[in-house]
Chemist: 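Dropping a structure here in structure tokens format, bear with me for questions.
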Amino acid sequence: MTGGLVDLVLAGGTLVTPEGLKPGAVAVQDGRIVAIGNDAAMPPAREVVDTAGCHVIPGAIDVHVHFREPGFSYKETWASATQAAAIGGVTTVFDMPNTNPPTADASAVRAKLALASAQAFVDFGVYGYIGDNNLDQLAPMAEAGSVAFKLYLGSDNPLVPCPNDGAVLDALAILAELGIRCTVHAENTPILAWRGAKLKAAGRHDLAAHLEQHADIATVEAVSRIALFSEWTGCPIHIAHENCRHSLPLIAAAKMRGVNITAETCPHYLYLSMEDAPRAGGSALRVKPPVREAGHAGPLWDALASGVIDMISTDHAPHAPAEKKRASIWDVAPGFPGVETSMRLMLTAVHDGRITLPDYVRIACEAPARAFGLFPQKGSLQPGADADLVVIDMNREGVIRGGDLHSLGNVTPFEGFRTRGLPVMTFLRGTLVAKDGQIVAPPGLGRPVRPRRLRAG
Ligand code: NCD
Ligand code: ZN
């Protein structure tokens with residue numbers, strides 16, 4: 001502190017933690033929270049930000065994004081994506097390895113971290129890829145700074161093919177030893193390949209064919225197998241983009257018997273079903289795994305509230321607009337942006353009574369930090385934590401427009417959605433990065449995060 005002054009105090013608002021709401025203030029020095037409590041108990045500060053009428057929460061952590069560089073800068077860049085993140089109230093992101101080159105060895109990890117460091121407006125981690133031929137690279141990738149690993153059990157992408165089950169078991173044994181979590185795209189590759197070929201041979205090119213390809217059983221089988229492999233090896237696992245009500249009892253049962261398993265779902269599985277396709281862009285709704293028929297969202301909301309699903313991520317997967325508008329569903333690039341709209345959609349769910357605001361902080365901030373070894377440095381409002389702080393105005397209404405988003409690939413299935421509740425200020429380690437939808441800081445502020453070793457399951 002200089003002359004007894006701290007750098008910053010956010011005062012006059014309501015603090016939100018998973019435990020509840022309370023009026024209060026946060027004091028920040030050198031990028032960290034140094035005090036939390038009543039407005040009157042705060043130290044004098046060089047800058048005081050009045051948060052009256054607003055809520056203050058920890059920055060959200062999105063453990064599943066595709067920020068596309070290296071290799072696909074026309075879809076998204078680290079600069080465009082992390083601007084979207086900061087404006088959306090997200091202060092830490094974990095980037096997936098299906099870039100070009102894929103993040104499959106230590107030098108690719110270092111190269112991606114350097115690329116991100118030069119551009120990023122928020123903190124970040126990068127995933128390492130697990131394949132048949134890079135098991136000797138898992139420890140070096142962790143050493144080089146991989147925050148976690150990604151296992152594609154369902155993949156037709158030649159950049160990141162699905163490894164065989166023998167390699168998967170060996171990989172999980174290595175990660176158990178390293179104490180690092182494995183995030184799993186849980187679908188059965190042979191089922192997807194077989195059904196896809198059959199549907200194409202039958203001349204199907206519609207969105208429903210994509211759903212038929214990704215039948216419920218393809219994900220149920222993969223969740224079941226990977227939970228068993230996790231139990232066998234002790235490797236902590238994380239189920240990516242949970243989308244199917246039939247998987248939820250399997251996740252709950254694995255948790256009950258002590259498997260170190262966490263799960264995420266995404267706003268598109270909570271808010272959309274196939275019935276929304278006409279207003280959600282038709283075949284632009286294509287995403288892997290698919291948005292299914294009505295009847296899955298209710299159980300997914302319940303699982304979020306009960307803790308069977310631990311957290312919300314986005315699977316932010318932007319593509320160039322032309323790639324989202326092709327005649328055959330098999331040619332439509334899967335995925336869409338999400339990192340900028342997730343918080344406002346979930347705050348709308350608070351107004352709708354789906355979840356409470358403390359629930360939101362648990363699933364968007366605390367749970368991801370805990371699962372991936374970043375708590376309490378990230379995802380918490382505690383003295384000593386990074387001052388990643390988001391001020392939200394629960395009454396700010398708006399309409400989502402792809403054209404307003406900061407991602408280069410801005411075709412969104414939430415086009416025209418009305419939202420209530422908006423992040424209005426985002427601080428990264430005490431620096432104001434975004435305010436009222438605008439970036440107010442220079443690029444390159446973001447830094448890599450370093451997870452703690454996790455216990456084996
Ligand atoms: C992802 C992407 O575009 O990177 N797309 C998606 O629909 N989730 C990767 C993937 O195919 O899983
Ligand atoms: Zn993904």
Side-chain angles (χ1 to χ4, degrees), residues 62-78 81 85 93-104 112 125-131 147-163 182-189 191-193 196 207 210-211 213-214 218-219 222 238-244 263-269 272 274 277 280-281 283-292 311-324 326 329-339 342 368 407-413:
D62 190 340
V63 304
H64 189 159
V65 301
H66 299 264
F67 281 1
R68 304 301 191 202
E69 288 184 310
F72 302 101
S73 310
Y74 72 95
K75 294 178 195 266
E76 187 75 293
T77 66
W78 275 91
V93 294
F94 296 176
D95 183 62
M96 287 296 171
N98 61 333
T99 43
N100 197 5
T103 322
K112 190 183 272 190
V126 309
Y127 276 99
Y129 163 73
I130 298 170
V147 73
F149 284 82
K150 178 68 180 289
L151 175 59
Y152 287 92
L153 288 188
S155 173
D156 63 359
N157 180 349
L159 284 170
V160 287
C162 171
C182 182
T183 292
V184 185
H185 178 125
E187 290 189 286
N188 175 306
T189 295
I191 294 178
L192 300 186
L207 178 64
H210 170 66
L211 179 55
Q213 179 194 20
H214 293 257
T219 188
H238 177 69
I239 304 294
H241 37 48
E242 186 43 68
N243 57 87
C244 177
E264 66 185 32
T265 188
C266 313
H268 42 283
Y269 302 118
L272 302 173
M274 276 292 279
S283 52
L285 185 58
R286 186 182 194 213
V287 59
K288 297 178 180 180
V291 167
R292 299 183 187 278
M311 67 191 79
I312 189 87
S313 73
T314 64
D315 195 7
H316 178 91
H319 297 280
E323 296 174 312
K324 294 296 296 174
R326 290 176 177 152
I329 192 65
W330 311 115
D331 298 330
V332 174
F336 29 73
V339 78
S342 179
S407 281
L408 302 185
N410 62 8
V411 176
T412 170

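For the single chain, residues carry numbers from 1 onward in sequence order. No hydrogens, no waters, no symmetry mates; every other heavy atom, side chains included, goes into these values. This structure is a prediction, so every number in the text was calculated from the model and none was measured. Order of listing sets the numbers, starting from 1, for every ligand and every atom in it.
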Chemist: Verify side-chain contact (heavy atoms from CB on, under 4.5 Å) between Y127 and F94, making sure each step is shown before the conclusion.
Modeler: CA-CA 7 Å; Y127 276 99; F94 296 176; 3.5 Å; yes
Chemist: Mark up the atoms of ligand 1 that fall under 4.0 Å of a heavy atom belonging to N98, in ascending order.
Modeler: 2 (C), 4 (O), 9 (C)
Chemist: Given the Zn ion (ligand 2) as the apex, I'd like the angle to NE2 of H64 and OD1 of D315, rounded to 10 degrees.
Modeler: 90°
Chemist: Pick one of side chain, backbone, both or neither for how H185 approaches ligand 1, counting any non-hydrogen atom pair under 4.0 Å.
Modeler: side chain
Chemist: Give a yes or no on whether H66 keeps an N, O or S atom under 2.8 Å from the Zn ion (ligand 2).
Modeler: yes
Chemist: Under 3.5 Å, N or O to N or O, is A317 touching ligand 1 that way?
Modeler: no
Chemist: Can you list the atoms of ligand 1 that are under 4.0 Å from a heavy atom of G335?
Modeler: 7 (O)
Chemist: Atom 5 (N) of ligand 1: which protein heavy atom is closest, and how many Å away?
Modeler: P334 O, 3.1 Å
Chemist: Test M274 against L211 for side-chain contact (heavy atoms from CB on, under 4.5 Å), laying out the working first.
Modeler: CA-CA 9 Å; M274 276 292 279; L211 179 55; 3.5 Å; yes
Chemist: Answer yes or no for M96: is there a heavy-atom contact with ligand 1 below 4.0 Å?
Modeler: no
Chemist: Can you confirm whether or not the ring centre of H66 sits under 6.0 Å from the ring centre of H316?
Modeler: no
Chemist: Measure the distance from atom 7 (O) of ligand 1 to every protein heavy atom, then report the residue, atom name and distance (to 0.1 Å) of the closest one.
Modeler: K288 N, 2.9 Å
Chemist: Examine the proximity of ligand 1 to H64 and report which part, side chain or backbone, both or neither, has a heavy atom under 4.0 Å away.
Modeler: neither
Chemist: Name the closest protein heavy atom to atom 3 (O) of ligand 1, giving the residue it belongs to and the distance to 0.1 Å.
Modeler: R68 NH2, 2.8 Å
Chemist: Do the side chains of K324 and D331 get close enough for a salt bridge, i.e. N-O under 4.0 angstrom?
Modeler: no
Chemist: Which atoms of ligand 1 are found less than 4.0 Å from any heavy atom of V287?
Modeler: 7 (O)
Chemist: Kindly determine whether H238 and V184 satisfy side-chain contact (heavy atoms from CB on, under 4.5 Å), including the steps that lead there.
Modeler: CA-CA 6 Å; H238 177 69; V184 185; over 6 Å; no
Chemist: Give a yes-or-no answer on whether the side chains of T314 and D62 include a donor-acceptor pair shorter than 3.5 Å.
Modeler: yes
Chemist: May I ask you to say whether K75 pairs ionically with E323, meaning some side-chain N is under 4.0 Å from a carboxylate O?
Modeler: yes
Chemist: Test your reading of the structure: does H66 have an N or O sitting under 3.5 Å from an N or O of ligand 1?
Modeler: yes
Chemist: Any non-hydrogen atom of H319 lying under 4.0 Å from ligand 1?
Modeler: yes
Chemist: Below 4.5 Å, heavy atoms only, C-beta onward: do P70 and P101 meet side chain to side chain?
Modeler: yes
Chemist: Can you label the angle between the H241 ring and the H64 ring as parallel, tilted or perpendicular, going by 30° and 60°?
Modeler: tilted
Chemist: Does H185 bring an N, O or S atom to under 2.8 Å of the Zn ion (ligand 2)?
Modeler: no
Chemist: For L285, which of P334, P413, P290 qualifies under side-chain contact (heavy atoms from CB on, under 4.5 Å)?
Modeler: P413
Chemist: For ligand 1, does D315 get within less than 4.0 Å through its side chain, its backbone, both, or neither, judged by non-hydrogen atoms?
Modeler: side chain
